[in-house]
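This is a predicted model, so every value here is computed, not measured. Computed from heavy atoms alone, side chains included, the values below leave out hydrogens, waters and symmetry copies.
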Amino acid sequence: MVEPLESQGEGDMRRLAAFGTAASAGFLVAALLGACGAPASPGPGTTSPSMPSVPPLTSAPGGNGAAPTEPPSAPATPAPTAADWKIFKTPDGQLQFDYPAEWTVKDRGAEASPGGVFLEVLTADGKSLATLRTNVATGSECPQRIPYQVLDVVPVPALVQEGVTPNFIFELRLYPAEKDPMKANVMAYGISSAPKPHGPDACPIFHYFTWPPGGASFGGVYNPFDTSPGNEPHVDSPEAYLETSEFKDIRKMITSLRPAGQ
């Protein structure tokens, strides 16, 4: 489950508070894949990966009680700013994906689930953008339903399993009871085989997709307070982040995941 980040300085707090009040309550990101329609957990020998902590975000749908609106599936987007791309094949030879040549893929196999892989994608400056893990447990519970917003959805047909096509999804959630804006809103992106959220609220976030022998995950989190070198300036909301070359390259990379050889 994606958890809120620790509080930042007062300036960031005020900035985020302004985001939260712009919407009637705000929204927290949680990837759902469990009691809300997740596939069954794989057998013994698999472990659930711990998701990285995430920060708050911004606007939510209007407070008129209507269900949040979901954006249409993203149309073809202009070529990302990365000019050169490479292909990376997972150490077990099962999957591959495209990634910008200036980024790095780090093998964290020592931390992988038994029989699985664990890869981390980083920028040239060392900023972590996404992790890919296989042979992980995908079962989860839905302890509470919370307001949400879907920011971007793209089908990933190359990963279809048992007639279900997973989606790349960038979404957020709000925990209304949290008074600290830094803990009230959380955002994440990744591939999910779960049904897309609908109605006024949703389960917490678990971005996993079905992949033999159990499940897998490929995604990351958005932190509007991140100050890593190389970040584009004045990007402190998920709406602004959607338009950055970094996000477009992340989306292209994650949605390129496919069986090796395809």
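To the nearest 0.5 angstrom, L242 atom CG is 5.0 Å from F247 atom CZ. Atom OG of S193 sits about 8.0 Å away from atom CG of L159, to the nearest 0.5 Å.
Of all the heavy atoms in V105 and L119, the pair that sits closest is CG1-CB, 4.1 Å. Nearest heavy-atom pair across A240 and V235 is C-CG1, 4.1 Å.
Looking at D92, its side chain never comes within 3.5 Å of a backbone N or O of G116 through a donor-acceptor pair. Listed for the Y148 side chain is a donor-acceptor partner under 3.5 Å among the backbone atoms of G199. The main-chain N or O of G109 is found under 3.5 Å from a side-chain atom of D107 such that the two form a donor-acceptor pair. Side-chain atoms of T90 never come within 3.5 Å of backbone atoms of Q96 as a donor-acceptor pair (strictly under, hydrogens ignored). At distances below 3.5 Å, at least one donor-acceptor pair connects side-chain atoms of R145 with backbone N or O atoms of D201. At least one donor-acceptor pair closer than 3.5 Å links the side chain of T134 to the backbone N or O of V117.
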- request: Go through the steps for V164 and Q161 under the test side-chain contact (heavy atoms from CB on, under 4.5 Å), then give the verdict.
  value: CA-CA 5 Å; V164 177; Q161 290 289 310; 5.8 Å; no
Trace of the side chain to side chain donor-acceptor pair (under 3.5 Å) decision for D125 with T123: CA-CA 5 Å; D125 294 305; T123 66; 4.7 Å; no
message: Determine whether Y241 and E246 satisfy the following criterion, side chain to side chain donor-acceptor pair (under 3.5 Å), listing intermediate values before the conclusion.
response: CA-CA 8 Å; Y241 189 57; E246 179 178 282; 2.5 Å; yes
- request: Quick one: do E171 and H207 satisfy side-chain contact (heavy atoms from CB on, under 4.5 Å)? Show the steps, please.
  value: CA-CA 10 Å; E171 54 184 332; H207 283 155; 2.7 Å; yes
message: One pair to check against side-chain contact (heavy atoms from CB on, under 4.5 Å): S217 and Y208. What are the steps and the verdict?
response: CA-CA 5 Å; S217 65; Y208 302 121; 3.4 Å; yes
query: Between Y222 and F170, is a side-chain contact (heavy atoms from CB on, under 4.5 Å) present by the stated rule, with each step listed?
result: CA-CA 9 Å; Y222 166 63; F170 181 25; 4.0 Å; yes
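The shortest distance between side-chain heavy atoms of V156 and T165 does not fall below 4.5 Å. Considering only heavy atoms from C-beta on, D152 comes within 4.5 Å of F168 through its side chain. Contact of the R251 side chain with the Y189 side chain is not registered, since no non-hydrogen atoms from C-beta on lie closer than 4.5 Å. Residues I169 and V150 form a side-chain contact, since some pair of their non-hydrogen atoms from C-beta on lies under 4.5 Å apart. By the 4.5 Å heavy-atom criterion applied to side chains, K196 and N167 are counted as neighbours. Under the 4.5 Å side-chain criterion, counting only non-hydrogen atoms from C-beta, P200 is not in contact with P147.
No hydrogens or angles considered: nothing links the side chains of T210 and E162 as a donor-acceptor pair under 3.5 Å.
L129 is connected to M187 through a chain of hydrophobic side-chain contacts under 4.5 Å among Ile, Leu, Val, Met, Phe, Trp and Tyr, so both are in one cluster.
Contacts classified as ring-ring contact (aromatic ring centres under 6.0 Å, His included) and involving residues 96-129 (residues at least two apart or in different chains) are given here: F88-F97, F97-F218.
Scanning for side chain to side chain contact (heavy atoms under 4.5 Å, CB included) contacts around Q262 gives A158, R258, P259, with sequence neighbours left out. Residues forming a side chain to side chain contact (heavy atoms under 4.5 Å, CB included) with E120 (at least two apart in sequence, or on another chain): K106, R108, L122, S128, T131.
One finds no salt bridge joining K252 and D98 here, because no Lys/Arg side-chain nitrogen approaches an Asp/Glu carboxylate oxygen to under 4.0 Å.
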